[in-house]
There are 2 protein chains.
Amino acid sequence: MAGQAANERKRYAPDERRQMIVDEAAAFFSEVGLEGTTRELSQRLGVTQSLLYAYFASKADLLEAVFERVYLDRLSPDWPAQIADRTVPVRARAQHFYREYTGAIFTYEWMRIFMFSGLAGTELNRRYLGHLAKLILEPLCAEMQHAAGKKDGPQMEDIWNLHGGIVYIGIRKFVYCVPTPDDFGPPVEAAVNRFCDSFGLE
Amino acid sequence: MAGQAANERKRYAPDERRQMIVDEAAAFFSEVGLEGTTRELSQRLGVTQSLLYAYFASKADLLEAVFERVYLDRLSPDWPAQIADRTVPVRARAQHFYREYTGAIFTYEWMRIFMFSGLAGTELNRRYLGHLAKLILEPLCAEMQHAAGKKDGPQMEDIWNLHGGIVYIGIRKFVYCVPTPDDFGPPVEAAVNRFCDSFGLE
DNA sequence: GCTCTTATTGATCAAATGATCTATTATGAT
DNA sequence: ATCATAATAGATCATTTGATCAATAAGAGC
């Protein structure tokens, strides 16, 4: 699938080749970790190792391209508006968001690269989580507080607990590689429902 | 603290030295990852790299010792009995367990080494999670179902959701290194309470 | 204080790895 | 067909890293 037959040399346009490299690199590094070697990656591409350096100045450069490809546009620009749409009950809004969000990030590549780079101390993770909080989770928290009215609504730490319980499904599957439900929909929906129930949200 | 002054050669009893190495190795590998070098570790110990091989046949051997030291006896033998003790309400039992459990595993070393070895595909993680499920989480699930009586009690996937939401606090702090509450007690307690509330558990 | 055991060092090897540079050759334009 | 461009390969360098082994000296026992 990845390899090239023997010594056949195929010549691609730079843009195309670059994308081939980044794609395979994302798959490769998500599998073996950020310390995977450029040599092994080049083998999987059916290409010499030196070719990688025709496209990227350094391995760090290549990794940056991988991060960009994996994270970029994972946060849909529609979500903030949907979270804020009070014509729909908060519970349904939360359900909708987490259905889409888990659909977007519950992939082998995303989950593992996010974890690898988190452990490596990359600033990208903190920045991503900051964005997520600012754009989505904090507004969601505010909406739930508004919907709770007189009753006590959730605080941000409660929202993080909801979030963590859901994300943990992906961690179990793609990081720990233990069995999980085939369909993530039901457990995610149940988690959101329990959360809303416990705060008396409609 | 770790280093030794210049060329001073101190001679320790094998057991003592071995423990020094494993201790520092746990701190070291939890920081930089399982691919940290034996040379850097030896520097932190104020010792030659070759000395490590007087105590461990290989780096893999040393890592195994680290895993053992980090995981071993983390699961208290008392927990199963406490989970099963029906003279106490399940909610209180769950509270008690998660207070102790988070107290045991919410450390820099445990959290990160568990994540590193999970990503590395070590069998240890799956075995640990298997033990945890069999000894504690499944019994807890059964107890909650019993307490729920006619009402629908939680299924294992619900328990995993509770568990994940709690563990995620530690992941945020020690893996992603983002701000978390100083005291883990309140958010953990709140999470357990919400869970019990949503299932109508006393 | 002396001796003997052995914990520890220092030098070294072989393989792996990121990076560089020049020689090839596939491909589009003429 | 032929040529020119540049995408790609192949060889190579300098470090790094796990591992080995003979030489050294710290410390216990007499």
Side-chain angles (χ1 to χ4, degrees), chain A residues 2-67 116-117 120 122, chain B residues 2-67 116-117 120 122:
Chain A
Q4 192 78 9
N7 281 345
E8 285 176 38
R9 175 191 275 193
K10 183 73 191 294
R11 186 188 171 113
Y12 289 93
D15 289 352
E16 194 178 354
R17 178 63 93 182
R18 187 189 160 92
Q19 185 161 335
M20 288 172 65
I21 294 176
V22 176
D23 283 357
E24 189 66 36
F28 174 64
F29 289 121
S30 69
E31 202 174 300
V32 306
L34 273 31
E35 280 123 0
T37 68
T38 54
R39 276 178 172 78
E40 195 180 342
L41 170 58
S42 67
Q43 275 175 20
R44 285 172 60 148
L45 278 159
V47 140
T48 31
Q49 181 232 6
S50 59
L51 183 66
L52 301 178
Y53 288 87
Y55 289 86
F56 301 92
S58 65
K59 186 185 166 184
D61 239 49
L62 171 56
L63 276 175
E64 195 127 343
V66 170
F67 289 150
F116 275 124
S117 63
T122 310
Chain B
Q4 191 77 11
N7 282 347
E8 285 176 38
R9 174 192 274 194
K10 182 75 189 296
R11 188 187 171 114
Y12 289 94
D15 288 352
E16 193 177 356
R17 178 64 93 182
R18 187 189 161 92
Q19 184 161 334
M20 289 172 64
I21 294 176
V22 177
D23 283 358
E24 189 66 35
F28 174 65
F29 288 121
S30 69
E31 202 173 300
V32 308
L34 273 30
E35 279 122 359
T37 69
T38 53
R39 276 178 172 78
E40 195 180 341
L41 170 59
S42 67
Q43 276 176 19
R44 286 172 59 149
L45 278 159
V47 139
T48 20
Q49 181 233 5
S50 59
L51 183 66
L52 301 178
Y53 288 87
Y55 289 86
F56 301 93
S58 66
K59 187 185 166 185
D61 239 51
L62 170 55
L63 277 175
E64 196 128 341
V66 170
F67 289 149
F116 274 124
S117 63
T122 309

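Only this structure's heavy atoms are used, side chains among them; waters, hydrogens and symmetry mates stay out. Below, read A as the first sequence line, B as the second, and so on, with proteins coming before strands; counting in each chain starts at 1.
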Let me see the working for A:Tyr12 and A:Arg18 under side-chain contact (heavy atoms from CB on, under 4.5 Å), right down to the final yes or no.
CA-CA 9 Å; A:Tyr12 289 93; A:Arg18 187 189 160 92; over 6 Å; no

If I take atom [atom1] in residue [X] and atom [atom2] in nucleotide [N], what distance separates them, rounded to the nearest angstrom?
X	N	atom1	atom2	answer
B:Asp61	D:dA19	CG	C1'	13 Å
B:Arg39	C:dT9	CZ	P	14 Å
A:Arg18	D:dA7	CZ	P	13 Å
A:Gln49	C:dA15	CD	P	18 Å
A:Leu51	C:dT25	CG	P	16 Å
A:Asp15	D:dA6	CG	C1'	14 Å
A:Glu16	D:dA6	CD	C1'	16 Å
B:Gln43	C:dT8	CD	C1'	17 Å

Test side chain to side chain contact (heavy atoms under 4.5 Å, CB included) applied to [X] - qualifying residues, sequence neighbours left out:
X	result
A:Arg11	none
A:Gln19	A:Asp23
B:Ser42	B:Gln49, B:Leu52
A:Phe28	A:Val32, A:Glu40, A:Leu41, A:Arg44

Across the strands shown, which category fits A:Thr37 at heavy-atom distances under 4.0 angstrom: base, sugar-phosphate, nothing?
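Sugar-phosphate, backbone atoms only, no base.
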
Which part of the nucleic acid, if any, lies within contact of B:Tyr55, taking any heavy atom under 4.0 Å across all strands shown: a base, the sugar-phosphate backbone alone, or nothing?
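If one applies the 4.0 Å heavy-atom cut-off, B:Tyr55 turns out to touch the sugar-phosphate alone, with no base involved.
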
The answer to which of B:Lys59 and A:Arg17 contacts DNA chain D further toward the 5' end, by nearest nucleotide, is A:Arg17

Using a cut-off of less than 4.0 Å, is there contact between a side-chain N or O of A:Thr38 and OP1 or OP2 of C:dG18?
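Checking A:Thr38 against C:dG18: at least one side-chain N or O falls below 4.0 Å of OP1 or OP2.
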
Examine D:dA19: is either OP1 or OP2 under 4.0 Å from a nitrogen or oxygen in the side chain of B:Tyr53? Give yes or no.
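So the side chain of B:Tyr53 is within the cut-off, an N or O lying under 4.0 Å from OP1 or OP2 of D:dA19.
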
With side chains defined as the heavy atoms from C-beta onward, is the minimum distance between B:Ser30 and B:Phe116 less than 4.5 Å?
no

Between B:Arg17 and B:Leu51, is any pair of side-chain heavy atoms under 4.5 Å apart?
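SC-SC contact between B:Arg17 and B:Leu51 confirmed.
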
Could you list the protein-to-nucleotides 28-30 of chain D atom pairs, N/O on both sides, closer than 3.5 Å?
none

Does the B:Lys59 side chain pair with the main chain of B:Leu34, one donor and one acceptor, at a distance under 3.5 Å?
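Answer holds: yes.
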
Donor-acceptor pair present, A:Ser50 side chain and D:dG10 base, under 3.5 Å:
yes

Rounded to the nearest 0.5 Å, how far does OG1 of B:Thr38 lie from CD of B:Gln43?
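One finds 10.0 Å between CD of B:Gln43 and OG1 of B:Thr38.
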
Give me the distances for all protein-to-nucleotides 26-30 of chain C N/O pairs that come in under 3.5 Å?
from: C:dA26; atom 1: N3; to: A:Arg11; atom 2: NH1; distance (Å): 2.4

